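Below: the structure, in structure tokens.
In this text, all values refer to a predicted model and were calculated from it rather than measured experimentally. In each ligand, atom 1 is the first atom listed, and ligand 1 is the first ligand listed.
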Amino acid sequence: MEMPQQPCQGPQEGGQAPLYKIISLTHSYETAGERIQVLQDITMQIEQQETLAIVGASGSGKSSLLHLLGTLANANQGTIYFEGIDIAALSAGEKALLRNRDIGFVFQYHYMLPEFTTLENVAMPALVGGVPRRQAYEKAGALLEQVGLTHRANYNVTLLSGGERQRAAIARAVLNGPKVLLADEPTGNLDATTGQKIIDLLLELNQRHKMAMVVVTHNMELAAQMGRCLELKSGDLYDQTR
Ligand SMILES: Nc1ncnc2c1ncn2[C@@H]1O[C@H](COP(=O)(O)OP(=O)(O)OP(=O)(O)O)[C@@H](O)[C@H]1O
Ligand SMILES: [Mg+2]
């Protein structure tokens, strides 16, 4: 059944406090005198442990929205509350701490440190967070096993295939046990079988680590397996959950 198209207001109130509460979020870019309106008055919330897909045409603003949720940029207008905290009110240091502890990010172009091994890359968020080296490597090793990359732990990360790199990026993002995983095209450029393996991995991590998941994607197979699916169109979100 087709859902009626309405700007999404998020699930009903009740139960646990929401993970994110987003109020009148508006964002635009200004380049060479031209103003590009990307997000227009978005109000919604994201629940603890929910799985959410955000779909939409190329250039519709999906990555921009994810960056705002990840505290990597500041919105022009509106407020994003993360567990009741207005993230715009945080200092740069406080944002970095929040990202390190509570927000795992898988970038559209997953950045790995090329001079390090897979294990070292995955362990990095724990090392940055002050965890002793041995403990960080143990944690990273356990996660590499979960994502099926034990045999590539000591490879230089540049030698990994696209799908392997994607899995390493996911392992790194969940290393510190975040409350939310923000993933930008986690199955981009992968064949259908490898893509489904990544989807299974994400769903397993969601269950095992009880973390929420916001996945930006063009992959409708992936979107259909998330609990809720929102389409970003003309700056606003429309519920397309089937
Ligand atoms: N820093 C920036 N400065 C100026 N314009 C930008 C900037 N970042 C993004 N844009 C523009 O904003 C629009 C939204 O970009 P965004 O990357 O959020 O789209 P997207 O939905 O993720 O697209 P895709 O599916 O292709 O990844 C695009 O038109 C893009 O060119
Ligand atoms: Mg994008």
**Request:** Determine whether any heavy atom of His218 lies closer than 4.0 Å to an atom of ligand 1.
**Result:**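 So His218 counts as touching ligand 1.
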
**Message:** I'd like to know whether ligand 1 has Ser60 as a neighbour, heavy-atom separation below 4.0 Å.
**Reply:**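 Yes, Ser60 has a heavy atom closer than 4.0 Å to ligand 1.
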
**Item:** Enclosure of Lys197 NZ (heavy-atom neighbours >12, cutoff 6.0 Å)
**Value:**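 At most 12 heavy atoms, drawn from other residues, nucleotides or ligands, come within 6.0 Å of this atom.
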
Close side-chain approach of [X] to [Y], heavy-atom, < 4.5 Å:
{"X": "Leu68", "Y": "Ile22", "answer": "no"}
{"X": "Leu39", "Y": "Leu232", "answer": "yes"}
{"X": "Phe82", "Y": "Thr71", "answer": "no"}
{"X": "Val106", "Y": "Leu181", "answer": "yes"}
{"X": "Ile42", "Y": "His27", "answer": "no"}

**Prompt:** At a 4.0 Å threshold, what atoms of ligand 1 neighbour a non-hydrogen atom of Ala57?
**Reply:**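 Listed by number with element: 21 (O).
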
**Message:** I need the atoms of ligand 1 closer than 4.0 Å to a non-hydrogen atom of Thr31, numbered in the order shown.
**Reply:**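 The list of qualifying atoms is 4 (C).
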
**Working for side chain to side chain contact (heavy atoms under 4.5 Å, CB included), residues Ile36 and Ser28** = CA-CA 5 Å; Ile36 304 164; Ser28 60; 5.9 Å; no

Give a yes-or-no answer on whether the side chains of [X] and [Y] include a donor-acceptor pair shorter than 3.5 Å.
{"X": "Glu47", "Y": "Gln45", "value": "yes"}
{"X": "Thr79", "Y": "Asp86", "value": "no"}
{"X": "Gln196", "Y": "Gln225", "value": "yes"}
{"X": "Thr217", "Y": "Asn219", "value": "no"}

Among protein heavy atoms, which sits nearest to [atom], and what does the distance come to when rounded to 0.1 Å?
{"atom": "atom 4 (C) of ligand 1", "value": "Tyr29 CB, 3.4 Å"}
{"atom": "atom 16 (P) of ligand 1", "value": "Ser64 OG, 3.7 Å"}
{"atom": "atom 29 (O) of ligand 1", "value": "Gly59 O, 3.9 Å"}
{"atom": "atom 27 (O) of ligand 1", "value": "Gln108 NE2, 3.0 Å"}
{"atom": "atom 25 (O) of ligand 1", "value": "Lys62 NZ, 2.7 Å"}

**Message:** Any protein heavy atom at under 4.0 Å, with atom 21 (O) of ligand 1 as the reference point?
**Reply:**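 Answer yes: something from the protein, a heavy atom, is under 4.0 Å.
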
**Prompt:** Could you go step by step and tell me if Arg208 and Gln146 meet the side chain to side chain contact (heavy atoms under 4.5 Å, CB included) rule?
**Reply:** CA-CA 11 Å; Arg208 198 195 281 226; Gln146 251 185 71; 3.3 Å; yes

**Request:** Check each of Ser58, Gly56, Ser63 against atom 26 (O) of ligand 1 and report the one with the nearest heavy atom.
**Result:**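 It is Ser58 that holds the nearest heavy atom.
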
**Proximal protein heteroatoms (N, O or S) of the Mg ion (ligand 2), under 2.8 Å** =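 Under 2.8 Å from the Mg ion (ligand 2) - ignoring waters, which are not counted - the protein N, O or S atoms are Ser63 OG, Gln108 OE1.
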
**Prompt:** Any nitrogen or oxygen of Val38, main chain or side chain, under 3.5 Å from a nitrogen or oxygen of ligand 1?
**Reply:**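 No: no nitrogen or oxygen of Val38 is under 3.5 Å from one in ligand 1.
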
